[in-house]
Amino acid sequence: MITATLDPVLTLVLVGVLPFTLVAAVTISKRGIPLFASLQKQVDVLVRTVRENVTGARVIKALSKADYEKKRFDHVNQDVVAAETTANRTMAATPPLMDLFLNIGLTLVIVVSAFRVNQGLTQPGVIIAFLTYFTIILNAMLSITRIFVIVSKGLASADRIQSVLRLPQNMQVIEAPVKEESAHIVFEKVSFTYPNGTRVLKDIDFSLQPGKTLGIIGATGSGKSTIVKLLLRLYDPTKGMIRIAGRDIRSIDPTELHQLFGVVLQKDVLFAETIEENIAFGRRFSKEQIEEAAARAQAKEFINQLPKRLAHPLHAKGSNLSGGQKQRVLLSRALAGDPEILILDDSASALDYRTDAQLRKVLKQQFQQTTTVLIAQRISSIQHADKILVLENGQMNGFGSHQELLAENAIYQAIYQGQTGGADDAEEKTEKPKDSKKTLRRLWGYLYEYKGLLLAAAVLMMASNIFALVGPLLSGYAIDAIQPGPGKVIFDRVFFYCGLMLLFYLASSLLSYLISLMMIRLSQRVVAAMRKAIFDKISELPVGYFDRVATGDIISRISYDVDTINTSLASDAIQVLSSLVTIIGSFVMMVLISPLLVLIFVVTVPASIFLTRFLMSKFQPLFRRRSRKLGELNGFVEEIISGQQTIKLYNQEEAIISRFDEKTKKRWMPITMPSTTVV
């Protein structure tokens, strides 16, 4: 608006340049979004590889596969580097192009102004004012350019988030008549096939009376756990029907359905809370009820030996308990509340025979009215069951009592004949203050390997900034040639200096793009080396480290923290170096123009340096804390994802969402608020 009031014709020149900048930014962004989407997929593979190595650290060390995993990670790491380099190279063209178009517009303004002054339609003072506003617009457009780069990355991430948000939340509840029958659980010709076409179960047909026990046995992959998941309605059968007390489970609200069960899944999860909180798991039990459940599950003895007993804090996935202790805490969770149906999926595999026998005795004496489904690898764990289901390749091979199957079923006979002829609590470590100087020296160690590339980028940066700094000087010479009054404009000088301006601005833009490519190459090599160094170090750490540190925290260090360094090297380093050269070059130009006026500028420099150092001293601990808290939050999310089945079975979705909201508010607000206060 202000430029239009100064000179409408010059405003049209500005407006004529803007479409070129917008078309360039939009075109490059359209190409960049799919590339960033591809990059996100590669990062997923990287994160998955790290997670597999962290969760499988014991197996990898036991089989001496660390070198193999290092090579596998290196291959994945290079794929990420290639994808990120391609995406960043594409987006790197945006700032130089925007800069070039706007500088061309600035040059055209001077040329058009010369004609208008020569015709007496405007004054040189208007030109100077217009160029000042044009410079303001130039800086704003460059900021918008950076936003386009960020938005391109954000849109790729937003599409991935939206693909999750669009998914249906729950299975639909249907209306179905209640069937009068004496059986408590009925599977009626049930088959199940995964969406990819893999058939797991076929024509499973049996019934179980109230208070009776069903044992399920079969080879690995025969479909034992799938039967449990169908009964809990974690999946719907492809064919057939499952009923509880005559009701089709599809007609029962999931919350009501899951309240019927006490469950220990094959790969169940303990959370990083106290033992008491893990047993209660969001349900309102008194301490006496929790202690009773622990006693029934044969967990009371070892719990009482812990320093804080039920208040003893567990690490993620219960990594500071032994296998048998974890199973007993999980059993305590399932037995709490006297469930109507008890499902134990391979829940006693880590128990010794004495504890297993005591547990079976408790189930028989104190849970007589509870219908129980047992899945086990040992016949001794299920031979007492009222009925035993033998599975083979997803089909029923036998159904009957232990004695009946032992007499008639060949597979059961073979299994029977084949089977008969604690971790210390890791010490918590308090994070020590980091030495920033040592960190910078270590980072310089990575950069020093590419000192030639870094030096070349610095030289080109100086040349680019010198070209850019000469532009305003040439524009001043061109404006000096524009004398007010008809016929007084020296057009030869105007065209000469404007032509030089275009050449210098073109050279500056080309060099800026070349520098961006060099810094992208440098940053990708450095972060690839850092990722590899972190992964190699993690591979060599003792197993106790993985017990103490959450998986999400480790992943955040190798992804988020390294990505932050990547951003700093690829863009922030260029910006800092460019700004330093610009400040020094501008200072030299200002001295040449007016040494006296430079003194005013010099007076403000110490205050600026002091304020910058003060803000850095305040912000650095906050950002360090932010990275640490992000690791904790990632660990919490990792824990929740691993325990999704358990969370759903105990109807804890809302409670988990509330805990997540609480953690994000408590952990992020203290980090952002102080920085606002300091500023």
Side-chain angles (χ1 to χ4, degrees), residues 184-185 208-217 224 228 231-232 258-266 268-270 275-281 283-306 309-310 312 314 318 321-389 401-402 419 422 646 649-650:
H184 195 186
I185 298 174
L208 188 65
Q209 297 298 315
K212 299 300 182 181
T213 298
L214 171 68
I216 303 177
I217 196 168
K224 302 186 297 296
V228 168
L231 179 60
L232 295 167
H258 294 154
Q259 286 175 345
L260 303 175
F261 294 93
V263 184
V264 179
L265 296 173
Q266 186 177 21
D268 218 329
V269 177
L270 290 173
I275 291 178
E276 182 175 355
E277 289 169 331
N278 269 283
I279 294 174
F281 200 51
R283 299 168 292 176
R284 296 181 179 179
F285 294 140
S286 66
K287 190 168 185 178
E288 289 73 19
Q289 288 176 301
I290 293 174
E291 288 176 346
E292 183 182 6
R296 288 173 168 179
Q298 311 304 306
K300 188 174 181 179
E301 181 181 352
F302 90 83
I303 290 175
N304 287 339
Q305 294 175 355
L306 298 173
R309 300 191 177 186
L310 285 172
H312 183 73
L314 300 184
L321 295 180
S322 68
Q325 289 172 339
K326 283 190 284 188
Q327 284 194 338
R328 280 179 277 177
V329 174
L330 291 169
L331 284 165
S332 302
R333 178 195 289 168
L335 297 178
D338 296 323
E340 184 177 318
I341 302 173
L342 182 63
I343 296 178
L344 305 178
D345 186 354
D346 200 22
S347 61
S349 58
L351 301 182
D352 58 69
Y353 282 95
R354 183 180 67 84
T355 305
D356 189 16
Q358 290 175 339
L359 176 64
R360 291 200 306 269
K361 182 179 179 181
V362 168
L363 294 178
K364 183 176 181 180
Q365 293 178 351
Q366 301 183 30
F367 290 86
Q368 294 179 356
Q369 304 302 316
T370 300
T371 304
T372 306
V373 178
L374 302 175
I375 297 177
Q377 301 292 336
R378 299 196 301 240
I379 284 183
S380 60
S381 297
I382 61 168
Q383 65 182 14
H384 65 284
D386 300 290
K387 295 291 182 180
I388 298 174
L389 172 63
S401 67
H402 171 69
Q419 292 184 2
T646 304
L649 294 178
Y650 288 93

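The analysis underlying the following values was restricted to heavy atoms, covering all of them including side chains, and did not include hydrogens, waters or symmetry mates.
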- [ ] Determine, stepwise, if the pair V362 / L331 fulfils side-chain contact (heavy atoms from CB on, under 4.5 Å).
- [x] CA-CA 12 Å; V362 168; L331 284 165; over 6 Å; no
Quick one: pull up [atom1] in [X] and [atom2] in [Y] and give me the separation to the nearest 0.5 Å.
X	Y	atom1	atom2	result
I279	L270	CD1	CG	9.5 Å
E276	K287	CD	NZ	6.0 Å
L214	I382	CG	CD1	8.5 Å
T372	R360	OG1	CZ	13.5 Å
H184	E340	NE2	CD	4.0 Å
Q383	I388	CD	CD1	7.5 Å

TODO: Check each of R296, E292, K361 against Q366 using the side chain to side chain donor-acceptor pair (under 3.5 Å) test, and report the only one that passes.
DONE: R296
Closest non-hydrogen atom pair, [X] against [Y]:
X	Y	value
Q298	L359	CG-N, 4.3 Å
I290	F285	CG1-CB, 3.9 Å
D386	K212	OD2-CA, 3.3 Å
A293	S332	CB-O, 3.5 Å
Q289	R284	OE1-O, 4.3 Å
A334	P339	O-CG, 3.5 Å

TODO: Look at atom CZ of R309 and say whether more than 12 heavy atoms of other residues, nucleotides or ligands are closer to it than 6.0 Å.
DONE: no
Task: Other residues, nucleotides, ligands: >12 heavy atoms within 6.0 Å of E301 CD - done: no
Open item on the list: Walk me through whether T370 and D338 qualify under side-chain contact (heavy atoms from CB on, under 4.5 Å).
Closed with: CA-CA 8 Å; T370 300; D338 296 323; 5.9 Å; no
Task: Side-chain donor/acceptor of R328 to backbone N/O of G324, under 3.5 Å - done: yes
Task: Full working for side-chain contact (heavy atoms from CB on, under 4.5 Å) between H402 and I379 - done: CA-CA 9 Å; H402 171 69; I379 284 183; 4.0 Å; yes
TODO: May I have the step-by-step check of side-chain contact (heavy atoms from CB on, under 4.5 Å) for R333 and R283, ending in yes or no?
DONE: CA-CA 10 Å; R333 178 195 289 168; R283 299 168 292 176; 3.5 Å; yes
Open item on the list: Taking side-chain contact (heavy atoms from CB on, under 4.5 Å) as the criterion, tell me which of V228, T213, V264 meets it with L344.
Closed with: V264
Open item on the list: Using side-chain heavy atoms (C-beta onward) and a distance below 4.5 Å, is I216 in contact with D345?
Closed with: no
